[in-house]
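All figures in this text were calculated on a predicted structure; none of them were measured in a lab.
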Amino acid sequence: LFSDILVPAPAMGLNLDFNPGPVVDPAVRSAGDVLRLVVPEVEEEVPFVYETIRILRRELQGRVPLIGFAAAPFTLAAYLVEGEGSRTFGHWKRMLYAAPEVAHLLLDKTTQTTIRYLVAQVRAGAQAIQLFDTWAGLVSADDYAVFSLPYVKRVLDAVRAEGVPTIYFA
């Protein structure tokens with residue numbers, strides 16, 4: 001299956017599969033789970049992503065720009081906590097409101113991972129970066145300002161420091 005060869009991001013020490021969307025095992029539900037997560041050396045964990053970017057840049061021969069992408073920290077964290085897609089993301093919302101300090105610790109780790117992943121894409125040849133925050137609408141605007149926006153800003157600032165344009169899609 002095509003999804004068996006596509007791993008869109010480092011798994012942070014967890015098992016990642018697609019059925020058809022992302023399935024993370026085990027789900028991250030506690031402070032201990034968050035502390036066990038690894039902020040990976042992305043070039044070592046998913047080297048094929050960067051090799052693919054280098055190949056595409058050669059093949060495109062400058063005809064069109066190559067856009068790299070990743071999930072935003074909030075969206076990545078939502079999947080890590082739920083373990084898979086969800087209609088309500090109840091486990092993630094419970095963590096946000098009942099254990100915000102754990103949520104922020106997780107968001108910090110997903111931010112570090114996302115920055116490494118995207119900066120490595122730029123260094124491999126991506127000419128712009130798109131950050132997808134698919135689940136930003138799960139929370140109110142006030143909660144978005146607390147739980148998503150600061151982390152998005154960190155990612156976009158780090159990518160812009162590499163000299164490429166950014167696109168943020170929430």
Side-chain angles (χ1 to χ4, degrees), residues 6-46 49 68-122 126 128-162 164-170:
L6 258 188
V7 179
M12 301 179 70
L14 302 170
N15 296 313
L16 175 63
D17 198 6
F18 293 88
N19 189 23
V23 178
V24 178
D25 182 42
V28 176
R29 300 277 170 81
S30 69
D33 293 342
V34 173
L35 292 173
R36 284 189 288 279
L37 290 175
V38 176
V39 176
E41 297 299 329
V42 294
E43 292 93 344
E44 294 172 13
E45 188 163 331
V46 289
V49 169
F69 66 94
F74 182 89
T75 290
L76 178 55
Y79 281 111
L80 293 178
V81 173
E82 290 300 319
E84 60 188 334
S86 167
R87 287 195 163 153
T88 63
F89 285 88
H91 293 290
W92 179 221
K93 287 179 181 177
R94 190 171 308 113
M95 182 182 285
L96 290 172
Y97 302 119
E101 68 287 345
V102 176
H104 283 294
L105 183 62
L106 176 57
L107 288 161
D108 183 64
K109 283 195 170 185
T110 58
T111 299
Q112 291 176 56
T113 299
T114 303
I115 288 169
R116 287 183 181 188
Y117 184 56
L118 291 175
V119 166
Q121 287 185 39
V122 171
I129 292 295
Q130 183 159 0
L131 191 62
F132 288 92
D133 211 350
T134 308
W135 300 116
L138 289 174
V139 293
S140 70
D142 288 342
D143 290 333
Y144 171 85
V146 171
F147 291 111
S148 186
L149 188 57
Y151 302 100
V152 165
K153 285 182 177 180
R154 281 177 51 195
V155 172
L156 295 178
D157 287 346
V159 172
R160 288 179 187 135
E162 295 294 313
V164 298
T166 58
I167 304 161
Y168 176 60
F169 181 82

Interatomic spacing from [atom1] in [X] to [atom2] in [Y] - rounded to 0.5 Å:
{"X": "L156", "Y": "L131", "atom1": "CG", "atom2": "CG", "value": "5.5 Å"}
{"X": "L149", "Y": "D142", "atom1": "CG", "atom2": "CG", "value": "12.0 Å"}
{"X": "H91", "Y": "L96", "atom1": "NE2", "atom2": "CG", "value": "13.0 Å"}
{"X": "R94", "Y": "T88", "atom1": "CZ", "atom2": "OG1", "value": "8.5 Å"}
{"X": "F74", "Y": "L138", "atom1": "CZ", "atom2": "CG", "value": "5.0 Å"}
{"X": "T114", "Y": "K109", "atom1": "OG1", "atom2": "NZ", "value": "13.5 Å"}

Side chain to side chain contact (heavy atoms under 4.5 Å, CB included) evaluation trace for Y151 with L76:
CA-CA 12 Å; Y151 302 100; L76 178 55; over 6 Å; no
Please check this pair: side chain of [X] against backbone of [Y], looking for a donor-acceptor N/O pair closer than 3.5 Å.
{"X": "D108", "Y": "L105", "answer": "no"}
{"X": "R160", "Y": "P165", "answer": "no"}
{"X": "E82", "Y": "A27", "answer": "no"}

Checking salt bridge (Lys or Arg N to Asp or Glu O under 4.0 Å) for the pair D33/R36: CA distance, chi angles, key distance, verdict?
CA-CA 5 Å; D33 293 342; R36 284 189 288 279; 2.6 Å; yes
Taking W135 as the fixed residue, which of F147, F169, F89 is the one that meets the ring pair (Phe, Tyr, Trp, His ring centres under 6.0 Å) rule?
F89
Heavy atoms, side chains only, cut-off 4.5 Å: are P73 and V155 in contact?
yes
Please tell me if the side chains of V102 and S30 come closer than 4.5 Å, counting only heavy atoms from C-beta onward.
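SC-SC contact between V102 and S30 ruled out.
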Kindly indicate, with the supporting measurements, whether the criterion side chain to side chain contact (heavy atoms under 4.5 Å, CB included) is fulfilled by S148 and V139.
CA-CA 9 Å; S148 186; V139 293; 6.0 Å; no
Which is it for E43 and R116 under the salt bridge (Lys or Arg N to Asp or Glu O under 4.0 Å) test, yes or no, and what are the steps along the way?
CA-CA 9 Å; E43 292 93 344; R116 287 183 181 188; over 6 Å; no
Which is it for Y168 and K153 under the side chain to side chain contact (heavy atoms under 4.5 Å, CB included) test, yes or no, and what are the steps along the way?
CA-CA 10 Å; Y168 176 60; K153 285 182 177 180; over 6 Å; no
Looking at L106, T110, L107, which hits side-chain contact (heavy atoms from CB on, under 4.5 Å) with V34?
L106
Looking at every non-hydrogen atom in both residues, tell me the closest pair between [X] and [Y] and how far apart they are.
{"X": "V38", "Y": "T113", "result": "O-OG1, 4.3 Å"}
{"X": "V164", "Y": "A126", "result": "CG1-O, 3.9 Å"}
{"X": "V28", "Y": "M95", "result": "O-CE, 3.9 Å"}
{"X": "Y97", "Y": "P100", "result": "O-CD, 3.9 Å"}

